[in-house]
Protein chains: 2
Amino acid sequence: MSLRYALLGIILKKPVTGYDVVRIFKQQMIYFWSSTHSQIYTELHKMENDNLIDHELVIQEALPNKKVYSLTDTGKKDLIRWAIEEPLKPAKIKDNFLIKTTIFPFLSVVEIDKLLDEVIEREDKILSMTKKWQEHFNSQEERDVGTILTVEYGIRYSEMYLEWCKWAKQYINEIK
Amino acid sequence: MSLRYALLGIILKKPVTGYDVVRIFKQQMIYFWSSTHSQIYTELHKMENDNLIDHELVIQEALPNKKVYSLTDTGKKDLIRWAIEEPLKPAKIKDNFLIKTTIFPFLSVVEIDKLLDEVIEREDKILSMTKKWQEHFNSQEERDVGTILTVEYGIRYSEMYLEWCKWAKQYINEIK
DNA sequence: CTTATATATGTCTTTTTAGACATATGAAAC
DNA sequence: GTTTCATATGTCTAAAAAGACATATATAAG
């Protein structure tokens with residue numbers, strides 16, 4: 001049920017197409033929510049059915065037609081109500097890599113290093129993409145508070161992860 | 001499909017009951033995976049059906065009977081195979097609170113502070129529980145590498161979150 | 001005395017999510 | 001010329017997950 005509030009949060013900023021929502025979602029929300037385009041399109045239909053959003057069809061000559069979604073009054077009220085009233089739920093994390101630490105006692109230092117290096121590489125990429133996005137975002141005129149806060153969160157998360165990886169490598173090398 | 005490898009990782013350390021698995025899971029894995037007891041019991045049945053684990057029934061007088069699960073050879077091999085071969089997947093996070101930042105432009109400093117204080121309280125509790133668990137764990141004789149690494153991860157994650165919250169409070173107070 | 005907590009294991013239904021399948025065009029790259 | 005990428009929107013099925021429903025006893029707390 002929270003996905004729809006993430007989507008409402010995107011559409012709140014400015015009217016966008018489903019395609020835009022997917023793109024914005026993957027660029028700006030990966031740090032705290034995950035979804036796929038199929039789920040997003042389906043949820044948008046449900047939200048429109050529940051009168052939280054509506055759309056205007058824009059006919060394009062060359063490119064495919066598009067539906068530009070906007071929040072309805074109901075949608076905006078419901079989003080703000082949700083944000084204030086919805087009780088805090090603990091964050092849910094699904095991190096495949098950290099499960100792998102359970103078998104570290106059965107692996108060699110080389111094998112563990114290989115796994116950790118993979119994660120470092122991945123997280124390095126994410127971090128530099130996030131920093132790039134932050135830089136681009138900072139150059140804009142209309143900067144919303146939400147994005148300022150969550151981009152910073154994304155950077156801190158990746159930095160923490162990378163520092164932990166480096167600490168883990170050192171720790172493994174000391175004890176093995 | 002990854003849940004089963006998290007569960008195999010728990011049972012690998014020592015034979016345990018489903019009830020134990022749930023408890024260990026919630027104490028030691030909340031930092032990187034989430035599940036419920038209903039899903040865990042169901043998955044254990046499937047895993048036994050796939051010959052990854054088996055159980056010994058222990059009849060108890062006062063307390064209910066229990067099933068003590070152990071890894072089979074197949075189970076252990078499959079877990080190690082998975083850890084080495086399974087390609088890295090990006091971590092998936094579902095954090096209800098961070099969605100709420102999208103409506104911060106429509107809230108007063110007082111309202112935002114209230115939301116952030118709630119998270120700080122929650123995260124403080126988690127952090128002190130984790131530190132307590134780390135202390136207890138460090139006093140044991142058999143300390144497995146996996147737990148040493150993931151507990152440290154949990155602490156770093158909570159600390160990062162708390163620092164971000166404090167930064168966010170300060171930032172909001174400066175601009176509003 | 002009554003209530004809550006810990007032990008212990010399950011099922012059932014609904015919702016959420018993932019991933020594949022499906023289509024169509026323009027533009028750019030090679 | 002052909003392939004890949006970006007635009008744009010969807011459906012369908014299977015798997016994963018959440019949450020309620022279900023039961024039973026001992027012990028500790030109030």
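Lettering follows sequence order; numbering is per chain, from 1. Just so it is clear, the values below take in all heavy atoms, side chains as well, and ignore hydrogens, waters and symmetry mates.
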Can you build the contact string for nucleotides 13-19 of chain D? Use B for base contact, S for sugar-phosphate-only contact, and - for no protein heavy atom under 4.0 Å. ---SSBB
Under 4.0 Å protein heavy-atom contacts per nucleotide of nucleotides 2-9 of chain D, with B for base, S for backbone only and - for none: ----SBBB
Is A/E56 atom CD crowded by more than 12 heavy atoms from other residues, nucleotides or ligands, each under 6.0 Å away?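 Result for CD/A/E56: open.
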Pairs involving residues 73-92 of chain B, ordered by first then second residue, that meet ring-ring contact (aromatic ring centres under 6.0 Å, His included) (sequence neighbours left out):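 Applying ring-ring contact (aromatic ring centres under 6.0 Å, His included) to every pair that reaches into residues 73-92 of chain B, excluding sequence neighbours, yields B/Y5-B/W82.
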Ring-face cation contact, B/Y161 with B/R122, 6.0 Å cut, 45° max: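 Relative to the ring axis of B/Y161, which defines the angle, B/R122 lies inside both limits.
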Is there a side-chain contact between A/Y19 and A/K66 in this structure, where contact means two heavy atoms from C-beta onward sitting under 4.5 Å apart?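 Heavy-atom side-chain distance check fails, nothing below 4.5 Å.
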B/E142: salt bridge (charged side-chain N to carboxylate O under 4.0 Å, His left out) partners, not counting sequence neighbours: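 Here no residue qualifies.
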Show which side-chain atoms of residues 86-94 of chain B pair as donor or acceptor with protein atoms under 3.5 Å away, not counting sequence neighbours.
unit_1 : atom_1 : unit_2 : atom_2 : d
B/E86  : OE2    : B/K89  : NZ     : 3.2

Do the side chain of B/T72 and the main chain of B/G75 share a donor and acceptor less than 3.5 angstrom apart?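 The answer is yes, because a donor-acceptor pair under 3.5 Å joins these two groups.
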Show me the donor-acceptor pairs within less than 3.5 Å that the side chains of residues 25-35 of chain B make with the rest of the protein, sequence neighbours left out.
unit_1 : atom_1 : unit_2 : atom_2 : d
B/Y31  : OH     : B/Q27  : O      : 3.4
B/Y31  : OH     : B/T130 : OG1    : 3.4
B/S35  : OG     : B/Q39  : OE1    : 2.7

Rounded to whole angstrom units, what separation is found between the CZ atom of A/R4 and the P atom of C/dT15?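 It is 12 Å, rounded to the nearest whole Å.
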